[in-house]
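Below is one structure, written out as structure tokens; the observations come after it.
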Amino acid sequence: MACTSCILLRKSFSAITSPLGVVRTGYSTTTTKNFADIPSARGLPLIGTTLSLLMAGSAPQLHKYIDKRHKQLGPIFKENIGPVPCVFISDPETMRLVYAHEGKHPVHLLPEAWTTYNTLHNVSRGLFFMNGPEWLHFRKILNPLLLKGDQGWLEECCRPTIERLVDELDTERNMEEMLYKWSLEVMVSVLVGASKYKEVREGVDLMMTSLASKINRVFEDSSKMSLISSKFAAKYRIYRWRRFEASVTAALRSAADLVDLLSQSQIQNDEGLIGKLKGKMTQNELAKIVTDLILSAGDTTAYSIEWLLYLVGKHSDIQEKLRGCLDKDRPPTSSPYLKNVIKESLRLYPVAPFLTRILPETVVLKSYEIPAGTVLILSIYTTGRDERYFVSPEVFDPDRWERREIKSSIAQSAALPFAIGARSCIGRKLAELQLQATLAEVVKRFEFKVLNKQEVDVVLKMVAVPSEELKFSFRRL
């Protein structure tokens, strides 16, 4: 998908380095600095700054560790996370410049554990793992269905799953498990269509419950592999690798079984995503694309809605205002305040605190020459909580998105939970519809509050999750 803002940035900011080391942009002429001049954190040979990260709380605290580094070293710095040299960026304008230079086939960084598994098991995976012309081919097929045009069919697919969720919210059940299963149910409904989902729901119910648990295990085990060499761990069959390998194998098999079952449901052409993709790819291609869509949907949307309920449950005034803004005769997507509540939640709690890109060409960022192939990590957890872009950044304030300083400033670029450009999240529209429609129904039907006594922290398990189980009380209105 071509992003207009990226095209404009590419024209306005594209840097041309002369033999004299001078970079000319659309606005100014500045002296280029070498890559070696980028502020950096001192580390040890081979392990980089891994020891410092371990002392700061290891991988679960990486977002805070990097945030502290930005405060020490500035909006751009380089650091070796293990053996991998990375450049971290927390300047919104520079982040947009990265997207403007990502090229025709944007490349992101994949967790080594996942790529090692795919190689060892000779597994061909879906869109998230593709690059180059292959990625572009399938992205062109999916974009018109999931990102462009009338998305009413996606909203329709969300309705039966939301009805089921609100029927169970006030029962004594683990919220995280409930939302995990809900997120998978939405994906199943999207795949087969709302009408067919009602037919197959009971038949796949136990399968979805089992798959939700297996996907959760994959992300937990992936996070434990993040600070060690997966190739080394796989070669010597250490316990952590064997556990990760078993969890991925179980999840892939379970997801493939679900896809097979759904594909046998006599889905008509144009019915659900599977029906809409008929004739546009082979059955094998469809299976791997759909399998990874299911796996990726589990964590991200479940934790996004959990953080959203946490914030709205803590702020009764915002909850009451939101309830008053929802018109029973109009769809929730028509409420600007609802959208601002969600935007504010994603600013504070982006489920992916870091976005990665590997650029195909040498570029100049913040006056530093960045060689092609460098791993660039965009620190959106830091930008979303930076007081230079947001007044009182730790405060949950949906109204801030209506103020002039937010609308007209770089702050709009400081919160990019779905990224931008050609490789922005393929599920963005669906995720936004899910969050909007679900929160609207919960607020209309319940008055709810958070029961946790202490402030709940953010920890990373590949995605940003609560540091403890979130507990709520729901009273039906």
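Heavy atoms only: backbone and side chains are in, while hydrogens, waters and symmetry mates are out.
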**Prompt:** Looking at Arg173 and Glu177, does any basic side-chain N land under 4.0 Å from a carboxylate oxygen?
**Reply:** no

**Request:** Drop me the distance from Leu430's CG to Ser189's OG, to the nearest 0.5 angstrom.
**Result:** 9.5 Å

**Message:** Would you compute the distance between atom CG of Leu62 and atom NZ of Lys64 and round it to the nearest 0.5 angstrom?
**Reply:** 12.5 Å

**Request:** May I ask you to say whether Glu455 pairs ionically with Lys314, meaning some side-chain N is under 4.0 Å from a carboxylate O?
**Result:** yes

**Message:** Any side-chain to backbone donor/acceptor pair from Arg445 onto Asp167? Under 3.5 Å, distance only.
**Reply:** no

**Asked** So does Arg385 pair up with Asp67, basic N to acidic O under 4.0 Å?
**Response** no

**Message:** Hydrogens and angles aside, do Tyr310 and Ser345 bring a side-chain donor and acceptor to less than 3.5 Å of each other?
**Reply:** no

**Prompt:** Relative to each other, are the rings of Tyr349 and Trp307 parallel, tilted or perpendicular (30° and 60° limits)?
**Reply:** parallel

**Request:** Count the heavy atoms belonging to other residues, nucleotides or ligands that lie under 6.0 Å from NZ of Lys444, then report whether that count exceeds 12.
**Result:** yes

**Request:** Tell me, yes or no, whether the heavy-atom count around Lys278 atom NZ, taken from other residues, nucleotides or ligands under 6.0 Å, exceeds 12.
**Result:** yes

**Message:** Does any part of the side chain of Val87, heavy atoms only, come nearer than 4.5 Å to the side chain of Val375, both counted from C-beta?
**Reply:** no

**Request:** Show the numbers, then the answer: is there a side chain to side chain contact (heavy atoms under 4.5 Å, CB included) between Asp399 and Asn340?
**Result:** CA-CA 7 Å; Asp399 286 323; Asn340 288 341; over 6 Å; no

**Request:** Given side chain to side chain contact (heavy atoms under 4.5 Å, CB included), test Leu127 with Asp292 step by step and report yes or no.
**Result:** CA-CA 7 Å; Leu127 198 64; Asp292 273 352; over 6 Å; no

**Prompt:** What do you reckon, is CZ of Arg253 surrounded by more than 12 foreign heavy atoms closer than 6.0 Å?
**Reply:** no

**Asked** In terms of heavy-atom contacts, does NZ of Lys449 have more than 12 from other residues, nucleotides or ligands at under 6.0 Å?
**Response** no

**Message:** Less than 4.0 angstrom from a charged side-chain N to a carboxylate O is my criterion; do Arg139 and Glu134 meet it?
**Reply:** no

**Request:** Establish, for the pair Arg347 and Phe390, whether the NZ or CZ atom is under 6.0 angstrom from the six-membered ring centre and no further than 45 degrees off its axis.
**Result:** yes

**Request:** Please answer whether the main-chain N or O of Lys148 pairs with a side-chain N or O of Gln151 as donor and acceptor at a distance below 3.5 Å.
**Result:** yes

**Request:** Decide, yes or no, whether a salt bridge links Asp170 with Arg475 under the criterion of side-chain N to carboxylate O below 4.0 Å.
**Result:** no

**Request:** Give a yes/no verdict on a cation-pi contact between Lys339 and Trp401, requiring under 6.0 Å between NZ or CZ and the six-membered ring centre and an angle within 45° of the axis.
**Result:** no

**Prompt:** Do any N or O atoms from the side chain of His121 and from the backbone of Tyr117 form a donor-acceptor pair under 3.5 angstrom?
**Reply:** no

**Prompt:** Just by distance, do the side chain of Thr171 and the backbone of Glu168 share a donor-acceptor pair under 3.5 Å?
**Reply:** yes

**Asked** Where the side chain of Ser222 meets the backbone of Val218, is there a donor-acceptor pair that is under 3.5 Å apart?
**Response** yes

**Prompt:** Stepwise, does the side chain to side chain contact (heavy atoms under 4.5 Å, CB included) test hold for Leu435 with Leu439?
**Reply:** CA-CA 6 Å; Leu435 296 176; Leu439 181 61; over 6 Å; no

**Centroid separation Phe244 to Trp241 less than 6.0 Å** = yes

**Prompt:** Should Arg217 and Glu245 count as an ion pair when the cut-off is N to O under 4.0 Å?
**Reply:** no

**Request:** Quick one: pull up OH in Tyr381 and CG in Leu348 and give me the separation to the nearest 0.5 Å.
**Result:** 8.5 Å

**Asked** Can you check whether Val186's main-chain N or O pairs, donor with acceptor, with Thr161's side chain at less than 3.5 Å?
**Response** no

**Message:** Can you tell me how far apart CD (Glu163) and SG (Cys158) are? Round to the nearest 0.5 Å.
**Reply:** 12.0 Å

**From CG (Leu191) to OH (Tyr197), nearest 0.5 Å** = 12.0 Å

**Asked** Should the heavy atoms of other residues, nucleotides or ligands under 6.0 Å from CD of Glu387 be counted, would the total exceed 12?
**Response** no

**Prompt:** Any side-chain donor paired with an acceptor under 3.5 Å for His108 and Thr356?
**Reply:** no

**Request:** Compare every heavy atom of Asp221 with every heavy atom of Ser247, then report the nearest pair and how far apart it is.
**Result:** OG-OD2, 3.2 Å

**Asked** Less than 6.0 Å separating the ring centroids of His63 and Phe354?
**Response** no

**Asked** Got Phe474 and Glu447 here, is their nearest side-chain heavy-atom distance under 4.5 Å?
**Response** no

**Message:** Side chains of Glu306 and Val465, heavy atoms from C-beta outward: is any pair under 4.5 Å?
**Reply:** no

**Heavy-atom neighbours of Gln454 CD exceed 12 at 6.0 Å** = no

**Item:** Trace of the side chain to side chain donor-acceptor pair (under 3.5 Å) decision for Glu176 with Tyr303
**Value:** CA-CA 8 Å; Glu176 184 176 298; Tyr303 285 118; 3.0 Å; yes

**Message:** Are Leu470 and Asn452 packed together at the side-chain level, in the sense that at least one heavy-atom pair is separated by less than 4.5 angstrom?
**Reply:** yes

**Prompt:** Say you draw a straight line from CZ of Phe128 to OG of Ser296; how long is it, rounded to the nearest 0.5 Å?
**Reply:** 8.5 Å

**Arg423, Arg357, Arg96 screened by salt bridge (charged side-chain N to carboxylate O under 4.0 Å, His left out) with Glu102, the one that passes** = Arg357

**Prompt:** Do the non-hydrogen side-chain atoms of Ile358 and Leu376 ever get within less than 4.5 Å of each other?
**Reply:** no

**Message:** Using a 3.5 Å distance criterion without hydrogens, assess whether the side chain of Ser379 forms a donor-acceptor pair with backbone atoms of Thr382.
**Reply:** no

**Request:** Look only at the side chain of Ser223 and the backbone of Glu220, and say whether a donor-acceptor pair between them is shorter than 3.5 Å.
**Result:** yes

**Cationic N near anionic O, under 4.0 Å, Asp205 to Arg164** = yes

